[in-house]
Each structure stands twice: as C-alpha cells, then as structure tokens.
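Chain letters run A, B, ... following the sequence lines, proteins first and then strands; every chain starts at 1. Just so it is clear, the model here is predicted, and its values are computed rather than measured.
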Amino acid sequence: MGILIDENTRVVVQGITGREAASFTEWMLDYGTKVVAGVTPGKEGMKVHGVPVYNTVKAAVENHDANTSVVSVPPRFTKDAVMEAIDAGIELVSVFTERVPRSDVIEMIQFAKDHGARIIGPNSLGSIVPGKAKLAAIGGPTEETNKAYTPGPVAVLSRSGGMMTETCSLMSVNGIGQSVAINVGGDPIIGSMFHELLPLLEKDPETRAVVIYGEPGTVAEETLADYIKEHGFSKPVVAFIGGGFVDKMPGQRFGHAAVIVTGKKGSVEGKKEALRDAGVLVADYHSEIITLLKEVLKMK
Amino acid sequence: MRLYEYESKMLLEKYGIPLPKRILVKTPEEAAKAVEELGGKAVIKAQVLTGGRGKAGGIKIANSPEEAKKLTEEILKMKINDFPVVAVLVEELLNIDKELFLACTYDEVAKQRIMLISDAGGVDINEVVEKDPSRVYREWFNPFYGMMAFKAKKMADFLKLPKDADRALQSVIMRLYNLAVDYDTTLAEINPLVLTKDGKIVAADAHIEIEDDAMYRQQQRLEGMGIHDRPSTPREPTEFEKLAEENDMSDHRGVAGRAIDFGGSLGCIIGAGGGSLTTFDAILRYGGNPANYCEVGGNPPVKKVYGLAKLVLSKPGVKGLLVCHNVYSNSRVDLVARGVIKAMLDLGINPAEYPVVYRGAGAFEEDGYAILRKYGVRYYDRRLGMDQAAKLAVEMLKLIEEKEKEGKSLEEAQKEVAQYIKTEEFVKKVLGEEVAKKVLEGL
Amino acid sequence: MGVFVKVEVNPEKCKEAEKLVEICPVDIFAVKDGKVVVVEENEDECTFCNLCVQYCPEGVKYTKLY
Ligand SMILES: Nc1ncnc2c1ncn2[C@@H]1O[C@H](COP(=O)(O)OP(=O)(O)OP(=O)(O)O)[C@@H](O)[C@H]1O
Ligand code: SF4
Ligand SMILES: [Mg+2]
C-alpha cells in the first residue's frame, strides 16, 4: 500500500477540459494512474484522452467509484468544486489551483474536517508514489517523471513543487529513491501541513527517512518541530529551507498581529533553529541533503 | 494590498466604528488650515505603507497651525523604512485613558480566522506581549458559524471595561470581524483602540491588508471608494527592476522577471520560485556578489527570457553569468537556452568567450544542450546540484576579479576565465575530485 | 529566419491560411494579401508541436538550426 495513493486509487479530475488539466491527465494515465472520470459542468458526454466527462462529481463517483479528486478549476470556483467532491464522498482532494483566496480555503478545509476528508494544497503540483501512481502535474510527462522519481525508502514533503522534483532528481541520481513525494502546496493556508502528514509516514513500513523542503514565511516548519518534540517521530528527518536571504531583505514587515498569533516570525534562521532543536538534521546547502541522507541510511 | 491609514479608516467608518475627526492633506499649508478647523491643536500623522511610524518620528502633535505647517513639511520629506510619505493625516487629538489592541487575521495552523484583543495596545504591543503572553486573549472562528454575539462578549470581558465602554467594545469587535470577512482582509488591526477619558471607544490607528488573490472580487468596490490597486513592493523599484517588470508583463505566459536589483557583478538567470531561492541563497552563502535576483518559470516564451537576459547582461557591473534552473516539468530547457544565447548574440557577445556557468535539466534538455554546444557554452545537467553551480559561478567571478587586479582589462579577464572554467581542473578545484568526476562524466 | 528554428511555408499548398494562423500556438504564421506567410520575429518561439505539419504536411516545414 502506498501513502495516500497507489495503483488502485480511482481518480476524478475536476476541470479536466482545461488546458493544463487535460495535459496532466494524459501524463497521469501514461504513468499508470487510474483516472476514471472527469468533471466539467455542461460538458457531460465528452471524452478527454479517453476519460469520460460528467457534469457532477456525484455522477463520476456513481459510475466509476472514484475515491480521489484532483481539482484544477479557476480560483473563484475552487471552493465549491472541493466541497462538491467531498459531498460526493471523495476522501482525498488534491487542489492544483493556485491563488485561491484564503477565506475560501478555510471554508473548504473546515468542510473537509467536518466530513472526515483530506485536502492536499491548494497550489499543489501533486503527489507521487514512484512506480505506482501520481496525482496532478508532478514530474511532468512519464519520461521526465522517471528521470526524477524512483522507488525507494525516503518520503519527501515539499512546499515547492519545482524543488520537490529537483530534490528527488538529485536523490535518484545518487541512488536514493522515494516511498512517496507530496507537494503540500505553496500557500500560507493548506489542507495538510508537514506535521499532519507525519503520522502516515510513521506508519508506513517502506519509509525509512523523511526529507522536508521548506520556505520562508508561515510557521509550517516551526509547527513540525513542535509536533516532533511533543509526539516524537521514530525515523530520521532531514530538512532544507530555501530562501534564507529573504531574512535580510528590506520591507519584510508584518503587522503586529501576525507575530502575536504565532509568537514566531517565519524567518529561515528561526525555522532551522526550531528544527535542529527537535532533532532534525538541517542541510545548509541543497546538495547536503544527499550527504545527510547517506549517513542516516547508512549508505556509502 | 496594504492600505494607508486613511484608507483603512474609510473602511472602519463604513462599518460604523467610531473614529477621531480627521482631514487628509498633501501640503503644509493645507495642514495648517486643517489644524485650525480641528480647534488649533491636532496630531500630524505620516501616511506611509509601513508600521512603526510613531517610533520613527512620523507622528507628532501640533499645538498651533504654524507648528502644523512646520511639522508637515518635515514629515512629507521623510522616508520610513524606505517607504515614502505620500500625505499627512491631520487628526483630532484624543484624550487617552487606555490604549487597547484589537485585530483580526488568519491563524495558519488552526486554519481559521482569529481575533486578538489586549489592554497592552500602542507602539510597544509586541514587546509587552512577548514578555507576558497572558496579556492577549484569542478567539477562533469557524467560518461556517462566523461571528456570534457571545464571542464578542467573551473578548470584551477580558478587558473588564466599564459597562458602556464594554458595550461599545463588543460592537467594534463584531463590526471589525464583519469588515474582515466582507473585504477579504488578511489583516484588520486597530492599534491603538483608544478608551478616552470620557469613556468612549475610538480607533486611533488602523492597518488593513486585503488579500491580493481576492482582489478580483474586491477591486471594484475599493475603486468606488477611491482606493486603487497597487503592487506590493517593499520599496520603490530601481530602473532595472522596472524594465524587468515591463518585460515580464509584455506577455502573460510564464514568468521571466520578479527581478530584484542587488548591484553586484554576477548576473543571474535563475528559476523557478523555489529554485531561484535555493540558488540565490547558495550564492550569498559562498560569499558571492550577485547583480540580481530573478525568477524564470512556468515556461515563458523565448522572447521574455531573451528580454530578461539582455537586461541582466547589460546591467552595469555585470562581469559573468549564472544560468541555473531546477529540473522542471513545464519550463523547457531549450527555450531558456534560446533566450539566453540570443541575448548574447544581440549584444555582440560571443557565448564561447563569455564567462558563464550554465546548469539546466528537464524537458527538451537534449535540444537545449545541442544549442549550448553549438555556441561553445559549457553546460551541466541534473547531476550538478544547484548550490554546486552557484559555487562554480562565485569562484568564476573571483577569478575574473583577481585577473583585473593583476592589471588585465575586463575583456581580457573574461576571455581567459571563460576558457579556464571549461577545464576539468577548475571543476575539481572548486568541487573536489569525486564530485567533478561525477558531474563531468560524458559531457 | 530565426536563430534556432527556420519555418517554411508554401502558400500554394496551404490554401486555408487563417486555419494555419489559428493552429500555431506561438503566432508563427500570419496572413498577408490573402496568403500565409511566416512571421520572422516569432520563429524562435517554435515549440516543435507539429500541429502545422499535421494540418498541412505538404506545405509546412520547420528545421532546427543547431
Ligand atoms: N488621534 C490621536 N490622538 C492622540 N494620540 C494619538 C492619536 N493617534 C495616535 N496617537 C498616539 O500615537 C501613537 C502611535 O500612533 P499610531 O498607532 O497611529 O502609529 P504607528 O506608530 O504607526 O503604529 P504602529 O506601531 O501600530 O505601526 C499611538 O499609540 C497613540 O499613543
Ligand atoms: S511546430 Fe507548432 S509552434 Fe512550430 S510553427 Fe508549427 S505549429 Fe507553430
Ligand atoms: Mg499603530
């Protein structure tokens, strides 16, 4: 069993007739993911790369037993699309759309919480269990995906989609494969933060170590550190935070409230310190991720 | 988008939150007149898109129209945290008993709106609260229930104000929450919210930020109030940044911009969001002196990369170039290579004789490499880490500058270094035997 | 001619000029005096998507210049 998804996952793509969704649908199919249906209101009866299109998620679920959705609709329709999927019984929704207003995001997350569903994203390029299945655009076409992502023992969680592929590619070139790679999404408020995915990785027997790719802003990394301190985590965690120079940039001034809410400032140095303090191995340079992984996996 | 204090107060007014009398002015003469209208005494407040004005000297009390004129003249010339003062708000002087703090924002971890209230309002709120977090009360809001009267009651009760003031405070809390939801604010902060000596609650300052991604549904009514959309830049853009922005805006496909001027000698064409950050970080960590930051991503057309590369290459002070992109699925290696090479050719630069470290991998990499080979540019593929590419570039620049110190002209130095960096020796020196062997094999 | 790509079109063999203009995602074709022509300044934008050739195999050809 893969984490979140595997070769039996049955995917519906909401917004499948859009330019981007149509192309990543083709990539997903080619990679072996079961994309069983698409949804675009008003286009029922059409086919996209052989995938039947329906007006509603309900029809996609009833006719094809879909259990996972990838949402790629314009920002203003995203909240409703996500809630429609959850209402139809979808358990995992990966939101590709970016620039969704935060007040919409908190509503869809609340809705998911109330219905026991999980959201990845918004602004997530997707997730992949190498060799088994992938969601959304992660890795691009199969040929590119296979160059970057290979099966193996390390779970990768990243706030940046592009750098997740870069990180996994560097790992693969160095003979280190991935049990799963999840682009949690680049937005400040997302359905699944690092610490909320950790329990899945703890349980997964194939995962022997975890790589975190963080970025400046928000308290995602600090919250992960707090979580590890409080609940413990039995596998080694290696982290890299991109963009440390932003700390020194002028104009990074927040209101008083932002600082009071979190008690933290989201600075890269602060994040690194918090993570180190929780026993996480922090790489200062991106390629150091490999050195650290080789150590914890006892390779050489 | 951050609003000025006077704009924020227009919104508070719309929601019936009590405010001091105030007049917005743009000249010292207008300020003098405004103070007269307000009874001969008033507060002069710099209108600027940054906080901490009080501490920076942007808030002054004028005891006469003449004084107001003088103070306004000074304040209008100020820059606070690099931001220009665009106007002055002349405001009724409040008789302050207590300074309170009230704000509505998002809690990213709880994934809900949160409201904060404190009796430690004023310019030192953060210091006070850091020492004593119990001075703040927090209330979270389920978006489907929204504000409920009892929540406002609980929040106000934390401050134990006299009965009338407590009522007034509850009303301000509810109104501020409604404003935050209606206007998609990421922050709606009143600091200080003043309790006056005669028991009134008045918003003496306001700081509102509206989410950029929600502007599509806010812009129209903000325009209707005379509040115009503006880019959120930390400071005024330099000429280079302006041109880069224009180039990026010339076509909606992809990004080849977000340039930041750093004034150094290493030109950077780096991508995309996360990749740029990672590469740039490494440049600084290795002691490099970058000319610029930028982001290339989302598969921009050749002409946008070309435009950006041309700007970077012709930027005064630039002596060498780093092109470094993460393995991406949607931006094509060949299209980026076309843009960069074309810029060089157009500027009369022979790519084979120009010092450049080039790292690219991903879609259409074979085509990209073929182009670079044809023009004599040494390139690296995915085996070279992005930080390693940055290190090569930083060392390359050091070599150029050493040669210049030896008395060579910049062109001579560039030509010599351009050849040397293509040798195995250089890569070995910078990255060590083992790495050099691995990244160069088969190139 | 572009620096990296050369696109050639034979207007005699591609009669429906507008169609070709519509099909190319990067505006390499235009209509002039009722005939299809290549917009030289856009040639380097060619993505090799091949749509033009599929539409008019006899009359369009693109060549990599590297
Ligand atoms: N109308 C007024 N009457 C009396 N005092 C005032 C008035 N407006 C502001 N002040 C005083 O000046 C201080 C600073 O003003 P204000 O909060 O508007 O600016 P600021 O320094 O930019 O705030 P911040 O630190 O929140 O960015 C207030 O805490 C208050 O003591
Ligand atoms: S191959 Fe595609 S991009 Fe190139 S000219 Fe033909 S239609 Fe245009
Ligand atoms: Mg204030």
Worksheet entry | Interchain contact, B:Thr279 with chain A, by part (heavy-atom threshold 4.5 Å) | neither
Worksheet item: So, do B:Thr186 and B:Tyr106 sit near enough that their side-chain heavy atoms are less than 4.5 Å apart?
Response: yes
Worksheet item: Is there any residue in residues 93-101 of chain A with a non-hydrogen atom under 4.5 Å from a non-hydrogen atom of chain B, and which ones are they?
Response: A:Arg99, A:Val100, A:Pro101
Discussion item. Parallel, tilted or perpendicular, judged at 30° and 60°: which one describes the rings of B:Tyr293 and B:Phe280?
Written reply: perpendicular
Fill in: Among the listed options A:Ile241, A:Ile189, A:Leu170, the residue most often paired with chain B at heavy-atom distances under 4.5 Å
A:Ile189
Worksheet item: Below 4.0 angstrom, N of the basic side chain to O of the carboxylate: do B:Arg53 and B:Asp205 qualify?
Response: yes
Worksheet item: Is any NZ, NE, NH1 or NH2 atom of the basic residue among B:Glu441 and B:Arg383 found under 4.0 Å from an Asp or Glu carboxylate oxygen of the other?
Response: no
Worksheet item: Between B:Asp381 and A:Lys147, is the closest basic N to carboxylate O distance under 4.0 Å?
Response: no
Practice prompt. Please determine if A:Glu221 and A:Arg159 form a salt bridge, counting it only when a charged side-chain N lies under 4.0 Å from a carboxylate O.
Written response: yes
Practice prompt. Measure distances from B:Tyr286 to the heavy atoms of chain A and classify the residue's part below 4.5 Å as side chain, backbone, both or neither.
Written response: both
Discussion item. Tell me whether the count of non-hydrogen atoms from other residues, nucleotides or ligands lying under 6.0 Å of NZ in B:Lys437 goes above 12.
Written reply: no
Worksheet item: Looking at A:Ser160, A:Gly243, A:Gly161, which makes the most heavy-atom pairs under 4.5 Å with chain B?
Response: A:Gly243
Discussion item. Please confirm whether the ring centroid of A:Phe194 lies under 6.0 Å from the ring centroid of A:Tyr227.
Written reply: no
Worksheet entry | Contacting moiety of A:Glu143, where chain B heavy atoms sit under 4.5 Å | neither
Worksheet entry | Proximity breakdown for B:Ala180 and chain A, heavy-atom pairs closer than 4.5 Å | neither
Fill in: Geometric cation-pi criterion, B:Arg332 with B:Phe364: 6.0 Å, 45°
yes
Worksheet entry | NZ/NE/NH1/NH2 to OD/OE distance under 4.0 Å, A:Asp284 and A:Lys272 | yes
Worksheet item: With sequence neighbours excluded, what pairs up with A:Thr145 under the side-chain contact (heavy atoms from CB on, under 4.5 Å) test?
Response: A:Tyr31, A:Ile128, A:Lys134, A:Tyr149
Worksheet entry | A:Glu215 versus chain B, the contacting section by heavy-atom distance below 4.5 Å | side chain
Worksheet item: Just wondering, do B:Leu100 and B:Ile117 contact through their side chains at under 4.5 Å, heavy atoms?
Response: no
Discussion item. Need one label for B:Ala214: side chain, backbone, both or neither, based on atoms under 4.5 Å from any heavy atom in chain A.
Written reply: both
Worksheet entry | Which of B:Met215, B:Arg217, B:Lys391, B:Glu365 touches chain A most, by non-hydrogen pairs under 4.5 Å | B:Arg217
Practice prompt. Counting only heavy atoms closer than 4.5 Å, note whether A:Phe111 contacts chain B via side chain, backbone, both or neither.
Written response: both
Fill in: Residue B:Gln112 versus chain A: region with a heavy atom under 4.5 Å
both
Practice prompt. Give, as side chain, backbone, both or neither, the part of A:Ile190 having an atom under 4.5 angstrom from any heavy atom of chain B.
Written response: backbone
